[in-house]
Peer 1: 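Next up is a structure, given as structure tokens.
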Amino acid sequence: MTEKTPKLRAALDSVPTYKPGKPAAPGGPVAYKLSSNENPYPPLPGVLESAVSAAGSLNRYPDMACAGLMAELAEHFDVPLSHLATGTGSVGVAQQLVQATAGPGDEVIYAWRSFEAYPIITQVSGATPVQVPLTDGDVHDLDAMLAAITDRTRLIFVCNPNNPTGTVVRRAELESFLDRVPSDVLVVLDEAYLEFIRDETVPNGIDLYRNRPNVCVLRTFSKAYGLAGLRIGFAIAHEPVAAALRKTAVPFGVSQVAQDAAVASLRSEDALRERVDALVAERTRVAGALAGQGWTVPESQANFVWLRLGERTLDFAAACERAGVVVRPFAGEGVRVTIGEVEANDLFLRVAEEFRKEL
Ligand SMILES: Cc1ncc(COP(=O)(O)O)c(C=O)c1O
């Protein structure tokens, strides 16, 4: 008798595996991780104390409703409690959104290249990904995304700023796009990097969601707030969508440590602003240095920069690694480099300068 293996859903066969940013090699000369768009700063003031205190009750389940955090978020963003939903990182909430809207036969539209979790969560749900290439300037092609809408479209991701290019869509073009998307298609504005935006023509998604029931804003505590390790993100959306998100959430998915750390982080706004300003200043310095070396880099409004290296992508990533910085290569396309500690950025710039001479 031949051994049978458990039957798995055929939809999983084509699901790409999520590639996490490589960690810095242990024992290497200097080792900086610029591969996951993490925040180089430790938790904000008061956060560690809250987390440690919550850790004293690890024998208990967390508050499933995240009531304390929800109240804080509602006040902070001036939105009704019923418009909020949390999850295990914003990628967890993104997965809840797809599960709530799209199954086999349905379509999910997003730009490409963009956040690499979009194809994964779409296919895990059994839905069909519809990838719309970025423009030559590495920006969302909103007209092409509109043209891609069919009667099977259920959800559209707009990643603003876009990962990995750092490029943005501006208020007028985004509003005109939203005005033309059918009202029964959910548009998710993924604003994981919103805090790093300094271009005033870029809208805050919360202003756009208020009078648009088909718009959902996705935010995270992983980037500017520096809580990537705790896995906590949230969505702001009108009631039917927010309620569906609560249904598709993993019960007790968000730990009490994460909830309390998030509350303390929201209360540390001045320190947050200081750190984000410092990272933005570093971004300006790095982008200026790269331009000075002769690179053409799309203007980034996020905490990373994008070097389009084509066939030389993996060589460049290897050169960075030899110098003690780990970056995030997308083979054949380019390299995304997180803005990190000043020393790490300097190391990266040194490699970029040498490499530029070879091109
Ligand atoms: C655009 C975008 N959205 C969402 C996420 C998910 O972040 P998290 O799940 O840590 O909140 C990331 C992480 O890299 C991202 O780049």
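Numbering of ligands and ligand atoms starts at 1, following listing order.
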Peer 1: Assess whether a salt bridge exists between Asp207 and Arg212, defined as any Lys/Arg side-chain N lying under 4.0 Å from an Asp/Glu carboxylate O.
Peer 2: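 Salt bridge absent between Asp207 and Arg212.
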Peer 1: Donor-acceptor pair, distance only, cut-off 3.5 Å: does the side chain of Arg154 make one with the backbone of Val108?
Peer 2: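 The answer is no, because no donor-acceptor pair under 3.5 Å joins these two groups.
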Peer 1: Considering non-hydrogen atoms of the protein only, which is the closest contact for atom 3 (N) of ligand 1, and what is the distance?
Peer 2: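 Of the protein heavy atoms, Asp190 OD2, 2.7 Å lies nearest.
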Peer 1: Could you find the nearest protein heavy atom to atom 14 (O) of ligand 1 and give me its residue, atom name and distance?
Peer 2: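 Nearest neighbour among protein heavy atoms for atom 14 (O) of ligand 1, to 0.1 Å: Lys223 NZ, 3.0 Å.
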Peer 1: Does an N or O anywhere in Arg231 fall below 3.5 Å from an N or O of ligand 1?
Peer 2: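 Yes, at least one N or O pair falls under 3.5 Å.
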Peer 1: Side chains of Ser183 and Asn214 only: does a donor on one sit below 3.5 Å from an acceptor on the other?
Peer 2: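 Per modelled atom types, Ser183 and Asn214 side chains form no pair under 3.5 Å.
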Peer 1: Listed by chain and number, what are the salt bridge (Lys or Arg N to Asp or Glu O under 4.0 Å) partners of Arg308, not counting sequence neighbours?
Peer 2: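 By the salt bridge (Lys or Arg N to Asp or Glu O under 4.0 Å) rule, Arg308 matches Asp138.
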Peer 1: For atom 12 (C) of ligand 1, what's the nearest protein heavy-atom neighbour? Residue, atom name and distance, please.
Peer 2: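 Ranking protein heavy atoms by distance from atom 12 (C) of ligand 1, first comes Phe115 CZ, 3.4 Å.
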Peer 1: Do Ser222 and ligand 1 have an N or O pair less than 3.5 Å apart?
Peer 2: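 Yes, at least one N or O pair falls under 3.5 Å.
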Peer 1: Contact between Asn37 and ligand 1, counting heavy atoms under 4.0 Å?
Peer 2: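 No; Asn37 lies far enough from ligand 1 that no heavy-atom distance drops under 4.0 Å.
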Peer 1: Would you mind running through ligand 1 and noting each atom that sits below 4.0 Å from a heavy atom of Tyr193?
Peer 2: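 Near Tyr193, the atoms of ligand 1 are 1 (C), 13 (C), 14 (O), 15 (C), 16 (O).
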Peer 1: Which of the numbered atoms in ligand 1 are under 4.0 angstrom from any heavy atom belonging to Cys159?
Peer 2: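 The list of qualifying atoms is 1 (C).
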Peer 1: Just say parallel, tilted or perpendicular for the rings of Phe348 and Phe316, cut-offs at 30° and 60°.
Peer 2: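 Ring orientation of Phe348 relative to Phe316: perpendicular.
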Peer 1: Between atom CG of Asp199 and atom CD of Gln301, what is the distance when rounded to the nearest 0.5 Å?
Peer 2: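 One gets 5.0 Å once the value is rounded to the nearest 0.5 Å.
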Peer 1: Which part of Asn163 is near ligand 1, with near meaning a heavy atom under 4.0 Å away: side chain, backbone, both or neither?
Peer 2: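 Looking at Asn163 and ligand 1, just side chain atoms fall under 4.0 Å.
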Peer 1: For atom 4 (C) of ligand 1, what's the nearest protein heavy-atom neighbour? Residue, atom name and distance, please.
Peer 2: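 I find the closest protein heavy atom is Ser90 OG, 3.2 Å.
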Peer 1: Are Val79 and Tyr209 packed together at the side-chain level, in the sense that at least one heavy-atom pair is separated by less than 4.5 angstrom?
Peer 2: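 Counting from C-beta outward, Val79 and Tyr209 do come under 4.5 Å.
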Peer 1: Backbone or side chain, does any N or O of Gly89 fall under 3.5 Å from an N or O of ligand 1?
Peer 2: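 No, there is no polar N/O contact under 3.5 Å.
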